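First up is the structure itself, then whatever we jot down about it.
Numbered from 1 within each chain, the chains take letters A, B, ... in sequence-line order. Note that the coordinates shown come from a computational prediction; the quantities given were computed from them, not determined experimentally.
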Number of protein chains: 2
Amino acid sequence: MKREKKAEVFREFIVREGLKSTRQREIILDFFLSSKRHMSVEELYRKLRARHPSIGYATVCRTLKLFAQSGIAHEMRFGDGQTRYEHIAEGEHHDHLVCTGCGTIAEFENKTIEELQASVADSHGFLIHSHKLELYGLCARCRK
Amino acid sequence: MKREKKAEVFREFIVREGLKSTRQREIILDFFLSSKRHMSVEELYRKLRARHPSIGYATVCRTLKLFAQSGIAHEMRFGDGQTRYEHIAEGEHHDHLVCTGCGTIAEFENKTIEELQASVADSHGFLIHSHKLELYGLCARCRK
DNA sequence: ATGTATTTTGATAATCATTCTCAATTAGGA
DNA sequence: TCCTAATTGAGAATGATTATCAAAATACAT
């Protein structure tokens, strides 16, 4: 259900913006939505290449950017030089636990932290648009 | 006091690591510690260039990295492609409010948020090494 | 279905901050 | 002072992303 919904949202975005629905965009959308949540451009490109060797890297980059614009994906940079995208439904938000050992990314959500963030922003007169919270360390497996 | 202490920490680091104290490193250290907290490599380089035109960009990059390694500075990337460094004393930590309008960076600290982060990490079996919390939005001035 | 204006694509070049290379210079201990 | 290893500056290299542009594909009106 979720997945088809996201595809729908993207297709509506395409129409609304006067863009065109193309074979490549559909293929990338399909791969993206059926992949694990956190994919780097490079990873997705390699995966795609196996089945669709003619799709160019630039197209993958462009299309992922469109996903972000349409609201079905979120662009992330963890500081390793790679841009990652995760697919999210509107309104969803979560933060990340990044393992510096194996690169695993876990997600979490904490309502109280979000509230505290809002109040911090408030006390500084800031109008928050988005936030990023990342915890770096070793996951349970890498600690051993 | 703070400033001389940081310089001292860096000089000790240089000795401890078997590195050498050079004219360039002292100059950059001096500029860095007397600058505003959040400086991009480019900004610092330009500032430096006015008085010391012979110092190369690569040297500034390398030296700032050393500051980070020595513990007197912290490397930050806010996603605009620029690497920034802020000088910090050991143990100090704070998070950032980044204005997407004018680029101003404000700092804050919130003990409760830190505690909640620790408990989140704990419940996932993570051993936290560091964290990054950034709130993006419009500052009081840009809201108007 | 066909034409047409517009968008999209793929390949390649360009970008841009940072890092690397390397010969020349410099620091610091013997 | 001498010697060895580290450091420097200039320019080349890197690497992910973005821009360019001719060719191909799409949407829509005819």
Side-chain angles (χ1 to χ4, degrees), chain A residues 10-32 38-70 73-85 103, chain B residues 10-32 38-70 73-85 103:
Chain A
F10 181 65
R11 292 190 189 107
E12 277 166 19
F13 169 82
I14 289 292
V15 173
R16 186 177 349 116
E17 298 289 316
L19 304 177
K20 291 174 177 175
S21 164
T22 67
R23 188 174 54 82
Q24 290 88 336
R25 284 177 180 166
E26 281 299 322
I27 290 169
I28 297 171
L29 179 62
D30 185 57
F31 263 71
F32 180 61
H38 307 93
M39 291 280 281
S40 67
V41 179
E42 177 66 26
E43 279 176 308
L44 190 61
Y45 176 64
R46 274 209 309 274
K47 226 181 135 178
L48 217 51
R49 191 162 241 277
R51 219 190 283 276
H52 304 278
S54 69
I55 294 185
Y57 190 84
T59 302
V60 176
C61 279
R62 286 185 287 228
T63 306
L64 287 171
K65 277 222 171 308
L66 285 180
F67 291 168
Q69 281 173 45
S70 75
H74 183 228
E75 197 178 291
M76 305 176 296
R77 290 171 217 257
F78 290 128
D80 62 351
Q82 297 258 301
T83 302
R84 275 162 231 278
Y85 288 85
Chain B
F10 180 65
R11 292 192 189 107
E12 277 166 18
F13 169 82
I14 288 292
V15 172
R16 186 179 348 117
E17 298 288 316
L19 304 177
K20 291 175 178 173
S21 164
T22 67
R23 188 174 55 83
Q24 289 89 335
R25 285 177 179 165
E26 282 297 323
I27 290 169
I28 297 171
L29 178 63
D30 185 57
F31 263 71
F32 180 61
H38 308 92
M39 291 281 281
S40 69
V41 179
E42 178 66 26
E43 278 176 309
L44 191 60
Y45 176 64
R46 272 209 310 276
K47 229 182 132 178
L48 217 51
R49 192 162 241 276
R51 219 190 284 275
H52 304 277
S54 69
I55 293 185
Y57 191 84
T59 301
V60 176
C61 279
R62 286 185 288 229
T63 305
L64 287 171
K65 278 223 171 305
L66 285 180
F67 291 167
Q69 283 174 43
S70 76
H74 183 229
E75 198 177 292
M76 305 176 296
R77 289 171 217 257
F78 291 128
D80 61 350
Q82 297 258 300
T83 302
R84 273 162 233 276
Y85 289 85

Outermost contacting nts on DNA chain D, any atom under 4.0 Å from chain A heavy atoms, listed 5' then 3', are D/dA16 to D/dA27

Whole-Å distance, A/Ile27 CD1 to C/dG10 P, equals 9 Å

A/Ile14 atom CD1 is separated from C/dT6 atom P, nearest whole Å, by 19 Å

Result for side chain to side chain contact (heavy atoms under 4.5 Å, CB included) between A/Tyr85 and one of A/His74, A/Lys65, A/His38 points to A/Lys65

Which of A/Thr63, A/Leu48, A/Ile55 passes side chain to side chain contact (heavy atoms under 4.5 Å, CB included) with A/Gln24? Answer is A/Ile55

inquiry  = I'd like to know if the side chain of B/Arg25 and the backbone of B/Lys20 have a donor-acceptor N/O pair within less than 3.5 Å.
reply    = yes

Taking side chain as C-beta onward, heavy atoms only, is B/Gln69 less than 4.5 Å from B/Glu17? no

Here the pair of heavy atoms bringing B/Ser40 nearest to B/Glu43 is N-OE1, 2.8 Å

Per the under-4.0 Å heavy-atom filter, residues of residues 15-24 of chain A near DNA chain C come out as A/Leu19, A/Lys20, A/Thr22, A/Gln24

Value for CZ (A/Arg51) from CZ (A/Phe31), rounded to nearest 0.5 Å, stands at 5.0 Å

Between the CD1 atom in B/Ile28 and the OG1 atom in B/Thr22, the distance rounded to the nearest 0.5 Å is 7.5 Å

inquiry  = Could you walk me through whether B/Phe32 and B/Phe67 satisfy the ring-ring contact (aromatic ring centres under 6.0 Å, His included) test, starting with their C-alpha distance in whole Å, then the side-chain angles of each, then the deciding distance to 0.1 Å, before giving a yes or no?
reply    = CA-CA 9 Å; B/Phe32 180 61; B/Phe67 291 167; 5.2 Å; yes

Per-nucleotide protein contact along nucleotides 16-23 of chain C, 5' to 3', at a 4.0 Å heavy-atom cut-off (B base, S sugar-phosphate only, - neither), is -SBBBB--

**OP:** Kindly determine whether A/Thr83 and A/Leu64 satisfy side-chain contact (heavy atoms from CB on, under 4.5 Å), including the steps that lead there.
**Re:** CA-CA 10 Å; A/Thr83 302; A/Leu64 287 171; over 6 Å; no

### Task
Would you sort out whether B/Glu42 and B/Gln82 count as a side-chain contact (heavy atoms from CB on, under 4.5 Å), showing the intermediate values?
CA-CA 8 Å; B/Glu42 178 66 26; B/Gln82 297 258 300; 4.0 Å; yes

